[in-house]
Protein chains: 2
Amino acid sequence: MFFSIEPGGDVPIYEQIVRQVKLAVADGVLVGGQMVPSVRQLASELAINPNTIARAYQQLQTDLVLEPLRGRGMIVRRDSVSRCTKARNSLVGDAVRRVLVDALSGGMTPEDLRELFEAELRRQAELAGPNGSTK
Amino acid sequence: MFFSIEPGGDVPIYEQIVRQVKLAVADGVLVGGQMVPSVRQLASELAINPNTIARAYQQLQTDLVLEPLRGRGMIVRRDSVSRCTKARNSLVGDAVRRVLVDALSGGMTPEDLRELFEAELRRQAELAGPNGSTK
DNA sequence: GGTCGTGTACTGGTGTCATGGTACACGGGT
DNA sequence: ACCCGTGTACCATGACACCAGTACACGACC
């Protein structure tokens, strides 16, 4: 119900979990105080070894996004929203920067880039459906 | 003189070589028939093992960008320009798509993205200097 | 023909990732 | 008090990518 994982991709599984959790918090899908699925439960849902999930949660804990409650589970820290939006901004910012460097050094013009950008934006918008965000 | 490599990055060295060669061909910095630096020469320039360069050149050879001349070196295939521009387009297209997916699922609005995009575009433009391409 | 430089193949070391298994400490529920 | 579920820790294993070192085969050039 929660995440979509593609194993064998160029990004490790545990990092996919980390990123999706952070993005969900930034988006407001995960709110402060809310509990995240347990290590074993999410592991069985995604057909992944619990150790891999644990590694992702541990990373999220050191990033001050999750907080452990011994014996109960892990909850989203109430002050993690700003951190996650910040992380999201730097994430997409760096990605955009890398894309621009490659595209410009490859001879693409700013006009080409704007066109491609808008085209992909429309594509994603209509792929998400005519409605807005599904909250 | 040719390439800039950052070891320890998330992208392998040999792939950085491959991409930069393709982008240079797409941009017209490398023309068909032109020779590329030899494996050992480029390796000593970048302080990299020759085998890594060889792997990149081999990849470029299977991608029909370079052509080996036994005993002399490797040259850029004359029909590789269209292939490289195509590769560049799909490269930046995929990257833009991935960025958009992450950004939208993280709650960013299309307006946020346009703003960020234009900001980074201006940043890159002025970072490259007031003049245009340096051909 | 010999030397040089070219690309290429083979081998090995190293690090990361994912998995599996086991065990432990803690707290909530009955 | 007792079990159960929780996160956590540790070790070992297999697979895979990256990279370095070395040696080889081929062709140009003198």
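Letters A, B, ... mirror the listed sequences (proteins, then strands); counts begin at 1.
Looking only at side-chain heavy atoms (C-beta outward), A:Met74 and A:Leu60 stay at 4.5 Å or farther from each other.
At whole-Å resolution of the value, CD1 in B:Ile53 and C1' in C:dT8 are 15 Å apart. Between B:Asp10 atom CG and C:dC17 atom P there is a gap of 12 Å when expressed in whole angstrom units. As a whole-Å value, the separation of B:Asn49 CG from D:dA17 P is 19 Å. Residue A:Leu42 contributes atom CG, which lies 14 Å from atom C1' of D:dG7 at whole-angstrom precision. One atom, CE of B:Met35, and another, C1' of C:dT6, lie 9 Å apart when rounded to the nearest Å. Here C:dC17 presents its P atom at 15 Å from CD1 of A:Ile5, a figure rounded to the nearest Å. When rounded to the nearest whole Å, the span between CG of B:Leu66 and C1' of C:dT8 equals 15 Å. Atoms CD (A:Gln16) and P (C:dC17) sit 12 Å apart, rounded to a whole Å.
Scored by the side-chain contact (heavy atoms from CB on, under 4.5 Å) test, A:Val39 finds A:Pro50, A:Ile53, A:Ala54, A:Tyr57 as partners (sequence neighbours excluded). Residues satisfying the side-chain contact (heavy atoms from CB on, under 4.5 Å) test with B:Arg55, not counting sequence neighbours, are B:Tyr14. A:Asp112 pairs by the side-chain contact (heavy atoms from CB on, under 4.5 Å) definition with A:Met108, A:Thr109, not counting sequence neighbours. By the side-chain contact (heavy atoms from CB on, under 4.5 Å) test, A:Val96 pairs with A:Leu100, B:Val99, B:Leu116, B:Glu120, sequence neighbours left out.
Of the candidate nucleotides C:dT19, C:dG7, D:dC19, D:dC19 has the atom nearest to the side chain of B:Pro12. Nearest to the side-chain atoms of A:Met74 among the listed nucleotides D:dT8, D:dA20, C:dG7 stands D:dT8. Checking C:dA18, D:dT8, D:dC19 against every side-chain atom of B:Ile13, the shortest atom distance belongs to D:dC19.
Salt-bridge formation is detected for the pair A:Asp102/B:Arg19: a Lys NZ or Arg NE/NH1/NH2 atom is positioned less than 4.0 Å from an Asp or Glu carboxylate oxygen. With salt bridges taken as basic N to acidic carboxylate O contacts below 4.0 Å, none links A:Arg98 and A:Asp94. Between B:Arg78 and B:Glu67, none of the side-chain N atoms (NZ, or NE/NH1/NH2) sits under 4.0 Å from a carboxylate O, so this pair counts as no salt bridge. Residues A:Asp27 and A:Arg88 are not paired through a salt bridge, judged by the lack of any N-O separation under 4.0 Å between the basic side chain and the carboxylate.
The residue among A:Tyr14 and B:Gly73 whose nearest nucleotide of DNA chain C is located toward the 5' end is B:Gly73.
Listed pair A:Thr52 / C:dT19 meets the phosphate criterion, a side-chain N or O lying under 4.0 Å from OP1 or OP2. Here B:Ser38 reaches the OP1 or OP2 of C:dT6: one of its side-chain N or O atoms lies under 4.0 Å away.
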*Under 4.0 Å protein heavy-atom contact, by nucleotide of nucleotides 22-30 of chain C - B base, S sugar-phosphate only*: ---BBSS--
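Residues from residues 54-63 of chain A that place a heavy atom under 4.0 Å from any atom of DNA chain D, listed by number: A:Gln58, A:Gln61.
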